[in-house]
Every structure is written in structure tokens, then in C-alpha cells.
Amino acid sequence: MEDVTLILFILVTIAAISTVLVLLRRQKVTRDNFKTLITRAKKQAGIPVDRPPDGTVEELGEVLKLLQGKHETLSANLNDEREKVTAILTTIGAGILLLDNERRVTMLNKSAEKMFRASSEAVKRRPFITLIRDHEMDAIVQKCLETTRKQMGVVQLAGGRQILELTATPLTSGVLVLVQDLTNIRRLEKVRQDFIANISHELRTPITSLKAMVETLQNGAITDSTVANDFLQRMQVETDKLAQMVNELGELSRIESGDLSLKLEPLDVTGVLERVTERLSPQAERAHLSLNLDISDNLPLVTGDANRIEQVLVNVIHNAIKFTPQNGKITISTGVEGHSVLLSVSDTGMGIPTDDLPRIFERFYKVDRARSGGGTGLGLAIAKHIVQAHGGNIWVESEEGKGSTFTFSLPLARSNQDLNKA
Amino acid sequence: MEIRTGFHKRLREIQDDVLVMGSMVEKATSRSIEALKERDLDKAREIIAADQKINQKRFGIEEKCVQLIATQQPMASDLRAIICVLNIITDIERIGDHAEGIAKIVIMIGDEPPLKPLIDIPRMAEKVNDMLRRSLDALINRDADTARRIVAEDDEVDNLYNQIFRELLSFMAEDPKTITRATRLIWVAHDLERSADRVTNICERVVYLVTGKMEEIGASKY
């Protein structure tokens, strides 16, 4: 009996010791695993491994918490970056589009939405061509995808008015398209080119005359006093023309740079109109034109600078005289509309072609260079600036072959406005 | 289902090609009028040369369509879609030919002095381009209502044509020396009027595609 008990006792003891050994071994393995996990986790998170880990569950828990913290920071940073990029894309003037490898639109910014009159929602995942409807622009993007090189091109849209510059840059998957509207830049370049060509042409004519006359005098004509006097007179006329041109250029430059000093005061335009009519009557007579004044009674006072308003009238009437054939009629009239007094100059002249009407107030714009014979093309531009500086507007109605009417408005003087309100 | 997805993807690609062709023809029309206004013979020659590319584009699309029919053997509305594209590209190509015709007239005119400022003819051209663009929109969006509306607008183009014709006729009656120039301008207007008719053909096709019925929209006035 005692032998069986002894054997059992030994067996149980052995089993117990084995179990304990196995458990201890297990614990060590787990600890080792934890140590590896912790070291790896710290390495990945960039947390410095300053001391060898103990391998406890608590330690693992701490590391996990640190990892979570890092993740939250990264998320916050990512959101910040995303907000910055969105802000840039929304406010930038150029159109930006993202296309995938099959030229379908995946993103477009606000400027692109405006440019192509589409909404982000409507064009998502749709082919580029359905948005821009321009085969040249589509071809640039296609070339970019094929060559995986940056492609650039300038495209004139159908209709001929808009000019866009496209830059397509290949991405790891897809294309980034940048669209810039060059229409205004090109238009201004053309205005500048016209300006320079114009000045050069305008200066050449009087200078050529002067040169010719000087040479003739030098070659001996100076000894003939009649001829000499005649030439001197003509040289005076040409020099005057040059001086006027230089003055007008300087004037326009000053006005455009905002240096227009107006002496605004309550003013009765009747006086100005009468003065101008008197001043220009001789010129009108020489051109065999009748200059008529048709002033309404009881015209209210305006706020204005008498000299400047006179300048506007002179410029407009000069044009009327220039472009109205003999026996024609020029009428200056007045009116009141809303809070303004209107002054109109009507002529029975050759009128302005419809195509030219929107550009008539541009610097140096001349409708028909061949026929306008001299003058800088600045008169109306100057008039427009002065009128606008007064807070008024200037516009023209015209029919080719029948005549034109230039009208500008001047705001009523303060007290009048109050009176009208009462 | 795999096969059908491939079909629709290829059909969409073909439609994109139709839009590309539409853009080529829009620009040809618009540039031909610019060349007319500016007496730009170089531009006119470019347009004439570019017409080849338009024809090539048309044949490219045609081939893709035939391939698609051969490989996928589509039925019913899918088949109708491809056939409509085949017909529409013919009309678009003819519009391109009319633009080329205008370019040829520009070269014929050379540097003759202009008879009168061009106002109605450019207006006609803009109208034609606008109608073409919207008709292709209707194709993509399967929009029969827009297609029908565009057909009604052909009347506007016809009215402009009659206006131009009458005006040029009076020029010729007053001064026989203007006959050559006036006649050429009438040809230009006629090219544009024919282009607008082509657009109405396209619209009729779109309606057919959507409804399955061939409607003769906009009965003739005569």
C-alpha cells in the first residue's frame, strides 16, 4: 500500500515541477515576444529605445499609448496640410485640374470651375474633353501622358476671344493641368504695341516736314525773305502740333497715374458751354459746319471743375468737327436724368462702325488710321478719365453714315440733390 | 457583365472622340470667319490643310465603331448608339467641309476691298457653333428635349441668311460693280446655313437614339 502512495506522490511532484517549469518557460517566451514587440514598436514610432524593455504587459500598454499619441499628431498635421492646400487651390487665380491616366477629371479648383463654367460635382470622373470642349487642349494633355514629360501650349478658344495657356505636368498616376487666362495680357500687349506704333507714326509726320523745311532753308531758300517767312510760319504750325502731342501724352499719363487734381465746386454748365462754343466757332466755320447750342432752361448746378469740363467738351467737339463732312451740323444739348446733368454733342458725321464702338475710348484708338489725319487718338481717353473722376459716365451712340452722339453725365451739386429729394 | 462593361467604356471613348471632332470643326468654322474678316490668306490655307485631319478623325472613329460592332455584337439601344455616332460624324465632317469652303472663298477674294462691315455673317457663324456644341451635349446627356429645341433654332439661322441675301441683292442692284464681291459673301452665308442644317440632322439622330423613333422635327415651311 505504501509503495503505491509513494509512487503517486513522486509522479504528482514530477508533474507539478514540470508544469511549473513549462509555465516559467511560457512566461519567458511571452516576455521575450513582448520585448521584441515593444522594441519594434518604439523603432517604428521613432521613440528612442533608451533602455532594454522589461517585457511586461504594462510596458506594452504604455508603448501602445505613445503610438496612439503619435498617430493623432500625424493626423492633425495631415489635416493642417490639407487645409493649407485647399486654401491655396481655392484662392489661386489660375485654374488647376487633376486628371487620371484616362484623362478623366478627378479634381478642379474654384478658378477652373469659373473658367469652364462647371461645378466640381458635375464633372467628377468625366473625360477632360467633355469639360473643355477643345481638341487642342485635349491633345496637349494626351501628349503629356504619352511622353510622361511636361507639355505647354497656348490655345485660342473657338470664338476667337479667349486665349489660354495650358501646362500639363505628369504625376505618378495622372496629370496636373494648370490653366492661365492670357486674354487680358495679350490685349494689353496689343494696346501697348498700338500705342508705340501710333506715337512713332504721329511724330514722324511733323518731324519730316520740319526737316524738309530746315534743309530747304539751309540750301539757300533763307535768302528769299518771302519764302523764309512762309516756311517759318509752317514750321511754327508743325512745332505746335508736336507740342500739343507731347502735352496730351503728359496729361494722359498724369491722369492715369491718379494725379488729376480737380477743383470741384458748384458750377453752372451754361457758362462753360457758351465759352466752349465761342472758342470753337471759328474752327467750325472754317470746316463749313454749323455749331449750335441748345441749352435747357433752369439747368441745376453740378459739382465740377470748370476748366476740366471745358477740356472734355473741346475734345469731343474737336472729334465732331474732324469727322463731319462739309455742310454738316453739330449740336450741343443738355438734359437732366436722375441725379445728373447730361451734356450731349451730336453730329451728322460719318459715324462709328459697330465693331469699333466698344473701343472708342481706349488710348490711341483710332477708327481709321488713314483718314483721321493727325491727332494722337488720346482725346476721348482723356475725356473719359476726367468725366469718371467727376463721378460721371461717358458713352456714345452712333450709326455709320448718319452721325454720332457723345453724352456724358455730371453729378448734381449737393444742395440740388437735397432739394430734389424734398 | 465583363463584356458589357468593356462595351460601354469603349462607347464612351468613341463619344469623347466625337467631341474632339466637334471641337476641330467649331474652330475651323470660327477661324474661317476670322480669316474672312481679316483677309488672312495664311489662316485660310491652314484651315484648308487642317480639313484633312478632320476627315482622318472621322475615319478613325468609323473604324472604332465597326470594330466595336464586330467584336461585341451589340443589340438594341447599344447598337442604335453606335449607328447614331456613325451618322453624326458624317454630318460633323460636312460642317468641316463647309468651313473649308469658306476658307477657299477667302482665298478667292484675296485683297479685294471689303463690300461692307461683316456683322450678320459672324453672327450666323457663332450661332452655328453654339448649336453644334449644344447638340453634342445633347448626345452625351441623351437629352432629346434640348435636341428638339435646337432644331427650332434653325429658323433663326434661316432668317439671318434671308436678311443677308436681301441686303446683298440690293447692293448688286444699286451697283453692278459689286456683284462679284456680293456673290461671294452670299456663298459664305450659304455655307453657314447648310452647316446649321447639318446640326439639325445631328439633333434628329439624338432624338432617335433616345426615343427609338425617327422623328422629322420642325416641318419645312414649304
Side-chain angles (χ1 to χ4, degrees), chain A residues 99-105 116-119 121-143 145 153-164 166 186 190 350-360 367-368 370-371 398-402, chain B residues 9-38 40 43 46-47 50 53-54 56-57 60 92 95-96 99 113-114 116-123 125-130 132-141:
Chain A
L99 310 177
D100 65 15
N101 278 323
E102 302 183 356
R103 302 195 328 271
R104 279 184 299 214
V105 180
F116 301 113
R117 263 160 292 195
S119 79
E121 291 319 303
V123 263
K124 270 246 159 88
R125 308 293 295 164
R126 301 195 72 192
F128 191 45
I129 183 79
T130 57
L131 172 65
I132 54 161
R133 302 301 289 274
D134 187 299
H135 70 279
E136 289 177 79
M137 285 171 68
D138 192 54
I140 294 174
V141 170
Q142 206 168 358
K143 195 162 173 209
L145 277 170
V154 177
V155 173
Q156 187 184 39
L157 299 188
R161 278 180 220 108
Q162 262 190 302
I163 300 180
L164 300 178
L166 214 78
R186 288 287 169 95
K190 187 157 191 311
M350 53 182 67
I352 302 164
T354 329
D355 276 351
D356 295 304
L357 273 177
R359 300 186 64 188
I360 201 82
V367 170
D368 185 343
R371 275 193 282 186
S398 179
E399 206 183 317
E400 242 185 317
K402 294 239 177 84
Chain B
K9 178 160 175 275
R10 283 205 189 80
L11 182 61
R12 268 200 308 270
E13 279 170 19
I14 289 177
Q15 277 178 192
D16 290 350
D17 276 336
V18 172
L19 290 185
V20 167
M21 200 184 159
S23 160
M24 291 165 87
V25 160
E26 258 185 76
K27 287 206 176 176
T29 305
S30 151
R31 291 213 177 114
S32 71
I33 302 298
E34 278 168 36
L36 180 67
K37 269 203 228 173
E38 298 158 14
D40 190 340
K43 205 177 251 187
E46 274 171 33
I47 297 167
K53 293 215 185 81
I54 296 176
Q56 280 165 10
K57 187 77 188 167
I92 299 179
I95 298 177
K116 62 180 283 287
L118 294 174
I119 302 177
D120 286 327
I121 287 181
R123 213 177 279 164
E126 266 182 48
K127 186 74 192 151
V128 164
N129 272 351
D130 181 57
L132 174 60
R133 189 177 280 220
R134 282 155 50 220
S135 71
L136 295 181
D137 281 337
L139 170 66
I140 307 184
N141 299 327

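All values reported here derive from a predicted model rather than from experimental measurement. Here is the naming used below: chain letters follow the sequence lines, and residue numbers restart at 1 for every chain.
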Within the side chain of Arg133(A), is there an N or O that forms a donor-acceptor pair under 3.5 Å with the backbone of Arg133(B)?
-> yes

So CD1 of Ile132(A) and OG of Ser23(B): to nearest 0.5 Å the spacing works out to 7.5 Å

From the list Lys27(B), Glu26(B), Met21(B), side-chain contact (heavy atoms from CB on, under 4.5 Å) with His135(A) holds only for Lys27(B)

Under 4.5 Å to a heavy atom of chain B? For Thr130(A) that would be both

Distance col, row Leu118(B):CG vs Asp355(A):CG, nearest 0.5 angstrom, shows 8.5 Å

The interface call for Asp134(A) against chain B, heavy-atom contacts under 4.5 Å, is both

Okay, Asp137(B) and chain A: the region with an atom under 4.5 Å from a heavy atom over there is both

**Message:** Between Lys116(B) and Glu400(A), does the side-chain contact (heavy atoms from CB on, under 4.5 Å) criterion hold? Intermediate values first, please.
**Reply:** CA-CA 11 Å; Lys116(B) 62 180 283 287; Glu400(A) 242 185 317; over 6 Å; no

When the 4.5 angstrom heavy-atom criterion is applied to Asn141(B) and chain A, the contacting part is side chain

Bottom line for Leu136(B): the part with an atom under 4.5 Å from chain A's heavy atoms is both

task: Evaluate the salt bridge (charged side-chain N to carboxylate O under 4.0 Å, His left out) criterion for residues Lys53(B) and Glu136(A): first the C-alpha distance (whole Å), next the side-chain angles of each, then the deciding distance (0.1 Å), finally the verdict.
output: CA-CA 13 Å; Lys53(B) 293 215 185 81; Glu136(A) 289 177 79; over 6 Å; no

When rounded to the nearest 0.5 Å, the distance separating CZ of Arg103(A) from CD of Glu13(B) is 9.0 Å

Residues at least two apart in sequence or cross-chain that pass side chain to side chain contact (heavy atoms under 4.5 Å, CB included) with Asp120(B), listed by chain then number, are Arg123(B), Leu160(B), Gln163(B), Ile164(B), Glu167(B)

I would like to know whether Gln156(A) and Glu34(B) meet side-chain contact (heavy atoms from CB on, under 4.5 Å); could you show each step before the answer? CA-CA 12 Å; Gln156(A) 187 184 39; Glu34(B) 278 168 36; 3.9 Å; yes

By side chain to side chain contact (heavy atoms under 4.5 Å, CB included), Gln15(B) pairs with (sequence neighbours left out) Leu11(B), Ile140(B), Arg142(B)

Nearest heavy-atom contact between Gly159(A) and Ser30(B) is N-OG, 3.0 Å

